[in-house]
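Have a look at the structure below, then the notes.
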Amino acid sequence: MIKVILLFLSAVPLACQIPYFIHAWTGSRLDHWDWIYYLLGVGAMVGALYDRKPGKFDWRGVALLLIMLILTFSRSYHQINALSIAAGVGVIFAAAWSIGAWAFAYALLPAIFILLMGTPSSSYHISLLLNSPVWVAWGVKLLLAMICLAWILGNRKFKWQIKPGTFFFVAAVLATGLLLMHTKELYFTGKAFTPDFPVKAGEFFGRSIEPDNNTKRFFATSTVRQYRYMKNDYDISVLAVKCGKNIHEIHPASHCLRTSLWRVNDEKLHYLQDNFAVTEIDAQKGSSRYLVWVWFSSEEFSTPSFLGFRRQFKVKGNYFTYQISVPVHKNREKSQAVLHDFIKSLENNK
């Protein structure tokens, strides 16, 4: 009975995230249905542990438990909500390992994976990894959940089990592979570029636009400016944000587009110079297609990557994020050339 109580208590760190879950589920279309995975996960845990008795106490699980607890309750340091939530799920797994030995924890593993699928922003990251529409990411998550449920049935019938070393080796290989995929984004830094957006920049004529109330509320602790520039038939929209102390007001541009049900055709780093790059996003919604360039800058450096920005961010620093977009009428290369000219005109005005 004591071990059962301890297993219930291990869910407390995850339960502490409930206010953030509600905020994500109500505020993001990408995460709107993720509560399903917590219901499925709880049911899967009951099915996985039904009639199973915990084994002996295992100190290896305690070591993992301490790591997960540190990651869960150090959110104010690492500023990554998804990491705290995933670590909260890890606390449950590590507690099961500690109080019931590896076999007991392994039986719980498929249910743990289902819980992890409910992590906010997971649909975005899957769609980014697969370069696919959001509905594909939703389908992948649902398919993985079904596989995990089948895994539980297989565990009960065939008594499958792998060694802890094998499991953590595979997990380390996958984590390293994902990290390597984003190495360029994480570590590329270029020259600082914080343009002023004058009324006239080369052949581009612009004006400032008053942000609407929703935009102001979204960037509550930041300073947000918007502009429109014209050249021939091209209309360029600019969003310029001086980041405040709340890093969670800033999101990857493709995340916001996918949340608004835009289809991201392509997303990649685009080098304008050896020491300056942007993230280029080709997005479409119905008949509307836009090319969007995004970069983040301080007074010392710039980075095209949201991950690179998160790595560098300090609350007391001065950071800026910029998004410029232009319609793609027929030819993407022409729209790209217009953005090139616009950036060059802004540089000449510095």
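Note that the structure is predicted; figures quoted are calculated from it, not measured. Residue numbers count from 1 along this sequence.
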Take atom CZ of F8 as the centre, draw a 6.0 Å sphere, and report whether it contains more than 12 heavy atoms from other residues, nucleotides or ligands.
no

Over 12 non-hydrogen atoms of neighbours within 6.0 angstrom of CD in Q161
yes

Is K334 atom NZ crowded by more than 12 heavy atoms from other residues, nucleotides or ligands, each under 6.0 Å away?
no

Do the side chains of R289 and N265 get nearer than 4.5 Å, heavy atoms only?
yes

D274 CG: over 12 foreign heavy atoms closer than 6.0 Å
no

Is there a donor-acceptor contact under 3.5 Å linking the side chains of S84 and N81?
no

Are H340 and W293, when compared by the centres of their aromatic rings, separated by less than 6.0 Å?
yes

If you compare all heavy atoms of P198 against all heavy atoms of A201, which two are closest, and at what distance to 0.1 Å?
CG-CB, 4.2 Å

H329 atom NE2: more than 12 heavy-atom contacts under 6.0 Å
yes

Closest approach of D212 to Q226 (non-hydrogen atoms, all atoms of both residues)
N-OE1, 4.3 Å

When you measure from the side chain of T279 to the backbone N and O of P304, does any donor-acceptor pair fall under 3.5 Å?
yes

Enclosure of R52 CZ (heavy-atom neighbours >12, cutoff 6.0 Å)
yes

So F21 and W25, would you call those rings parallel, tilted or perpendicular, with 30° and 60° as cut-offs?
parallel

Sequence neighbours excluded - salt bridge (charged side-chain N to carboxylate O under 4.0 Å, His left out) pairs with any residue from residues 132-152:
D34-K141

So, does S298 use its side chain to make a donor-acceptor pair with the main chain of S302 at under 3.5 Å?
no

Backbone N/O of F219 and side chain of S222: donor-acceptor pair under 3.5 Å:
no

Criterion side chain to side chain contact (heavy atoms under 4.5 Å, CB included) on I126 and S123, from CA distance to verdict:
CA-CA 5 Å; I126 291 173; S123 297; 5.9 Å; no

Residue Y290 excluded, over 12 heavy atoms near OH under 6.0 Å:
no

All side chain to side chain contact (heavy atoms under 4.5 Å, CB included) counterparts of S260, not counting sequence neighbours:
W262

Is there side-chain contact between W33 and W35, with heavy atoms separated by less than 4.5 Å?
yes

Between S127 and A137, which heavy-atom pair has the shortest distance, and what is it?
N-CB, 3.8 Å

Between W97 and F168, is the gap from one ring center to the other below 6.0 Å?
yes

Using only atom types and a distance under 3.5 Å, with no angle test, would you say the side chain of W151 pairs donor to acceptor with the backbone of A111?
no

May I ask you to check whether over 12 heavy atoms, not counting those of D233, lie within 6.0 Å of atom CG?
no

How about T223 and V241: do any of their side-chain heavy atoms sit closer than 4.5 Å?
no

Enumerate the salt bridge (charged side-chain N to carboxylate O under 4.0 Å, His left out) contacts for residues 96-115, please, sequence neighbours excluded, ordered by first and then second residue.
none

Side chains of K242 and R225 in contact at under 4.5 Å (non-hydrogen atoms):
no

Is the distance between the ring centroids of F193 and Y322 less than 6.0 Å?
no

Assign the ring pair Y227 / F197 to parallel, tilted or perpendicular, where the plane angle (0 to 90°) is split at 30° and 60°.
parallel

Does the separation of the ring centres of F296 and F309 fall below 6.0 angstrom?
yes

Determine, step by step, whether L272 and H270 satisfy the side chain to side chain contact (heavy atoms under 4.5 Å, CB included) criterion, reporting the C-alpha distance in whole Å, the side-chain angles of both residues, the deciding distance to 0.1 Å, and the verdict.
CA-CA 6 Å; L272 281 74; H270 179 67; 3.7 Å; yes

Looking at side-chain heavy atoms only, is the closest gap between D282 and R332 below 4.5 Å?
yes

Do the non-hydrogen side-chain atoms of Q336 and L291 ever get within less than 4.5 Å of each other?
yes

Check: F276 and W295 side chains under 4.5 Å, non-hydrogen atoms:
yes

Determine whether Y229 and V338 make a side-chain contact, defined as any pair of heavy atoms from C-beta on separated by less than 4.5 Å.
no

If every non-hydrogen atom of R156 is compared with every non-hydrogen atom of A48, which pair is closest and at what distance?
NH1-O, 3.7 Å

